[in-house]
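First comes the structure, then the notes that go with it.
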Number of protein chains: 2
Amino acid sequence: MRASDIDRVRELPIFADVAPEIFRVATAGAHVQRFPAGTMLLLEGDPVDFLYVLLEGQVELHGTWNDHDTVMTILRPVSTLILAAVVLDTAALMSARTLERCEILMIPGDAIRTAMRLDSHFAMAVSRDLAGSYRGVVRNMKNIKLRNSTERLANYLLALRAVGDGGSIVRLHHEKRVLASLLGMTPENLSRSFAALNKCGVAVQGSVVTLSNIAALEHLAKPDPLIDNYAPRGGEIVGDADAEIWLSEHGREKPR
Amino acid sequence: MRASDIDRVRELPIFADVAPEIFRVATAGAHVQRFPAGTMLLLEGDPVDFLYVLLEGQVELHGTWNDHDTVMTILRPVSTLILAAVVLDTAALMSARTLERCEILMIPGDAIRTAMRLDSHFAMAVSRDLAGSYRGVVRNMKNIKLRNSTERLANYLLALRAVGDGGSIVRLHHEKRVLASLLGMTPENLSRSFAALNKCGVAVQGSVVTLSNIAALEHLAKPDPLIDNYAPRGGEIVGDADAEIWLSEHGREKPR
DNA sequence: GCAGGCGTTTGATACAAATCAAGCCAAGCA
DNA sequence: TGCTTGGCTTGATTTGTATCAAACGCCTGC
């Protein structure tokens, strides 16, 4: 591994508190690898030998059943992939595919488990990462079970705005068919949901979306801090445990 | 805490490998409490001060939004509740309610976090529990996004059979309206889904379900080890990492 | 420039699920 | 016994979503 890579890895949340010698154990046999867009990194059901850490690019996790498939989440840097499977030393439940050119750190699963055994701080960091991921899926599940597709889209747009510059113009990060699957609908219905949001001041042109009436959009979307992982709840001070928040396409919470 | 309670707690997966002095730290200030059926243990958004360990009874975790609510999972002994929130020291994303009389061990969150810092084996056990929970929700999510309601019911019945005695008669563990919400449908549609499964040999009488044509039911359900957490995949030997499996109403995987 | 391909949009239709409204049934109780 | 209650079922209807089909726009490669 190159020195510049080591520096970047050092900054990952899961390695923040780790002693130097443990860091060496954890990253023993680790290497950074580059993948082109559209690469299948991992198929669901595969045994997992490496922990993947996404340093650059976007990766989609998706699931398949009976000739259907659905995008479960989309990860952006810096995120771990399949940490749960590594911790349990078991098969992956989701497939992973690069959506664009990616740079990924691959760490042998054994090294991760050994480092956890040797350093409680590292094991705690892993726990925090997993706890954040767990809560991410729970939020996602509430989103799917409690809202209809237009409401999900509206909240997605508001979340995009919140993690961006907060202006009234947001850019979609993915192809619409990918976004549709992530939001649990068909591409056709994503189109129609966008059309339905016209009356809330939403205008789409390619991947650029203009939100000209945030109040109306919020009235329809009814964003909720227990589902949508952004922005502190009304008037609270930022800085406490849960106010520091981070979004990865309705993905996971940021472990502290 | 009574000596008999201590013995039971000792057997919990997360305390299996823990040194005696750490066990004492972790359970400092812990106590067992009994709750009647229908008790709200925790409201979503509440700060979480205790880790709950369900020793007896059933607890439902549910989420709310905009006057709707949905059952996210149902836990049976022995399970931890809201471990993720305890690890991150943050607010709960789901409400918890007892479905029947329950016996619950309550451990101060501070004690858990301290014990994790002191003992890497305990921190690893927490990681495994969280990893199992994470994978449980992922399975649940795939179930919801990839299957229609009748398919979900069919798989639920097969899962019940698998964790039971494997006979052709299974007992539903919950009221039908709770089951309906858990499976992501209305009570009315649960009725209709049961009716639709008649042609696969499914007959319902109250909470007793007779499955007289497993082959037909499986043909419709198409159970998948990457969604339905029971039974080893075809012909594999039980005993390896993931074959030892355990179901809690499509809940979580058993941490080893 | 033009042809082809692919992602997207639009419309028509079919299907699935939620909702609304009765009615049923068994348990609890006066 | 008769009454009420709550959970469950059944039917009619509406709403939401998927599917099918066609057309459009855009980019690419020839």
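Side-chain atoms are counted along with the backbone in the values below, which use heavy atoms only and exclude waters and symmetry mates. It should be emphasised that the depicted structure is a prediction, and the values quoted were computed from it without experimental measurement. Chain letters run A, B, ... following the sequence lines, proteins first and then strands; every chain starts at 1.
Note that CZ of B:Arg76 and CD of B:Glu56 are 10.5 Å apart. Values are rounded to the nearest 0.5 Å. Distance check, rounded to the nearest 0.5 Å: OG1 of B:Thr150 to CE of B:Met185 gives 7.0 Å. The structure places CD1 of A:Ile74 at 8.5 Å from OG of A:Ser181, a figure rounded to the nearest 0.5 Å.
A tilted orientation is assigned to the rings of B:Tyr156 and B:His174, their planes being inclined by 30° to 60°.
In 5' to 3' order, the nucleotides of DNA chain C bounding all contacts with chain B (an atom under 4.0 Å from a heavy atom) are C:dA17 to C:dC20.
A donor-acceptor pair shorter than 3.5 Å can be found between the side chains of A:Thr80 and A:Asp129.
Only one option out of A:Arg101, A:Glu100, A:Arg97 pairs with A:Gln58 in a side chain to side chain donor-acceptor pair (under 3.5 Å); it is A:Glu100.
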What do the steps show when you test B:Asp228 against B:Arg147 for salt bridge (charged side-chain N to carboxylate O under 4.0 Å, His left out), and what is the final call? CA-CA 12 Å; B:Asp228 311 288; B:Arg147 290 172 173 159; 2.8 Å; yes

Using a 4.0 Å heavy-atom cut-off, write out nucleotides 4-18 of chain D from 5' to 3' as B (base contacted by protein), S (sugar-phosphate only) or - (no contact). ---SSSBBB----SB

